[in-house]
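Written below as structure tokens is the structure these notes are about.
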Number of protein chains: 2
Amino acid sequence: MTSLSISAIRPFIRKLEAFRTISDEERSDLEALPMQITEIRADQDLVREGDRPSRCCVLLRGFGHTYKMTEDGKRQITAFHVPGDMPDLQSLELQYLDCSIGTCSPSVVGFIPHEALREICRLRPQLAAVFWRTTLVDASIFREWMLNIGRREAYNRVAHVFCELLVRLNAVGLARNHSCEMPFTQIEFADATGISTVHVNRMIQDLRSAGLIVLRGGMLTAPDWAGLKAAGGFDPGYLHMERALAA
Amino acid sequence: MTSLSISAIRPFIRKLEAFRTISDEERSDLEALPMQITEIRADQDLVREGDRPSRCCVLLRGFGHTYKMTEDGKRQITAFHVPGDMPDLQSLELQYLDCSIGTCSPSVVGFIPHEALREICRLRPQLAAVFWRTTLVDASIFREWMLNIGRREAYNRVAHVFCELLVRLNAVGLARNHSCEMPFTQIEFADATGISTVHVNRMIQDLRSAGLIVLRGGMLTAPDWAGLKAAGGFDPGYLHMERALAA
DNA sequence: CGAGCTTTTGATCCGAGTCAATCTTCGTGG
DNA sequence: CCACGAAGATTGACTCGGATCAAAAGCTCG
């Protein structure tokens, strides 16, 4: 398992490097983290609202999402996760999990005990700062999503989500030529943008006929990146990727 | 100014204590932080999107908000701030400010140089963890707001915002008997909930005639707290205030 | 006491939701 | 290799929550 893990955690380290250089010592400490690596089917919850986890998960392959439900059963997706993300890093400091996290595609997930993460943070304050930074970037993305959901029209909302996913996947080496894997369903886009499935479908068709996206067979391509960015009102500043200036 | 600052930063320390006990040594280190304390009028920006601040601000008295604008000038408020909050603590780790922060009422704000905060974090890792924690709680609130904006009806959205403000103000000793100061305008509630000013006004009137709120003269009272919570679908878990279990 | 905000009210309109099929896709088992 | 079933994608018809527009009414403060 060890050899598997060292190669498997590559997306994790690449994600951290998008925000700050990782030194060789830090890298080897990261590679030495005890990590239980597991394959998980699509549409499985990793953790649920109300849990009090004793470990964090790292998405090593596949896609996921964080979501919350209203009392009457409506779902809001608050984040999409791509390889390298630590979707519940917050649980290291906050006992109570205020949201649920699940897979959207067949995935490989690594679980790291809280105590191991606390130890590496204690020994390498620089790494602790990088972890903090990733949660701050997550928060920045939340703010942008609030703007998206609260103040943009449906058409622009959907375009914005596609822009963000292209840039984030590009940053971890999973997009080329404005093209990437895109396994989320229209139901998931609907719950992420705060609109209905039917309407998402119509907006996607509008984006298609405007020549801004090609979306089929689980692949997304943006033949007119400038046009898609304009449609989404997308400015990547909120992703805080000075280092990995996206395509 | 020193004596002023020691009493003035009380709300700041009280806020941190809502999340974790602050030891005497930590408290005196906090009190020793170099802080430039300034009175600021209502509706002034403290920082603007695109800034690269070299200090953080602490709201010591008054109310504020964080907001973003779409390209076509629509505003989304992503957070309300109450005394004790550090609305741009993120700038300690993220160079680029992705949002603007301003006052909503006449306020007293303390400015702390980044270097001083970095120093106290280095010397007192426990305090660094508390700071991290406050940003994680902010992120949790963002997630709840996304749920609010994306998936609740206007009536429930407005009720939810009132619930949250009552609980947060209670936690810093600024609410009694489900009653607190409430200087935000209906325009601000509109931009926070993603609906129009006119509709906010109608929802407030509905909440009034349902006997759930009394809102006038800058004061909010919830005569039927259980009813208001139900209307907002409000569950305070996301505020992570195990310690200061709110009224 | 008047200017400039907010808050309120009324009338009208439209973006998006809901409902109900139908059509595709795709994995599964025969 | 194909039939079958389930899930997702699409389409059309109709409805509605909330936006927009326009005015009037209250407040606050210089």
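In what follows, chains carry the letters A, B, and so on, assigned in the order in which the sequence lines appear, proteins first and then strands, with residues in each chain numbered from 1. What you see is a predicted model, and the numbers here were worked out from it, not measured in a lab.
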Whole-Å gap separating P (C/dA16) and CD1 (B/I195):
16 Å
Do the ring planes of B/F63 and B/F184 sit parallel (below 30°), tilted (30 to 60°) or perpendicular (above 60°)?
perpendicular
Check ion pair A/D88-A/R55 (N to O, under 4.0 angstrom):
no
Nearest whole angstrom, please: distance from the C1' of D/dG18 to the NE2 of A/H199.
14 Å
Using atom CZ of A/F189 as one end and atom P of D/dG8 as the other, report the distance to the nearest whole Å.
13 Å
How close or far is atom P of D/dA6 from atom CZ of A/R41, stated in whole angstroms?
17 Å
Atom-to-atom span, CG of A/L207 to C1' of D/dA9 - whole angstrom
15 Å
Figure out the CZ/P separation between B/R152 and D/dG17, and round it to whole Å.
18 Å
Is the phosphate of C/dT7, meaning OP1 or OP2, less than 4.0 Å from a side-chain N or O of B/N201?
no
Mind checking if B/T185 touches a base, just sugar-phosphate, or nothing, with heavy atoms under 4.0 Å?
sugar-phosphate
Nucleotide D/dC29, atom C1' - distance to CG of B/D43 in whole Å:
15 Å
Side chain of B/E153 - closest among C/dT8, D/dG17, C/dA16
D/dG17
Do A/R202 side-chain atoms and A/Y155 backbone N/O form a donor-acceptor pair below 3.5 Å?
no
Is it the case that the base of D/dG18 and the side chain of B/R157 share a donor-acceptor contact (distance under 3.5 Å, atom types as modelled)?
no
Specify the separation, in whole Å, of atom CZ of B/R151 and atom C1' of C/dA16.
11 Å
Quick one: label A/G194 by what it contacts on the DNA or RNA (base, sugar-phosphate, nothing), any heavy atom closer than 4.0 Å.
sugar-phosphate
Find which nucleotide of DNA chain C each of A/V200 and B/R208 is nearest to by heavy atoms, and output the residue with the more 5' nucleotide.
B/R208
Closest-nucleotide ordering on DNA chain C, the 5'-leading residue of B/I187 and A/V198
B/I187
Presence of salt bridge, A/D191 and B/R151, under 4.0 angstrom
yes
Test for a donor-acceptor pair under 3.5 Å between the base of C/dG10 and the side chain of B/R202, counting only N and O atoms.
yes
Side chain of B/Q205 - closest among C/dT9, D/dG8, D/dT20
C/dT9
Counting just side-chain N and O atoms, does B/Q186 come under 4.0 Å of either OP1 or OP2 of C/dC5?
no
Are B/R168 and B/E164 ion-paired here, with the side-chain N under 4.0 Å from a carboxylate O?
yes
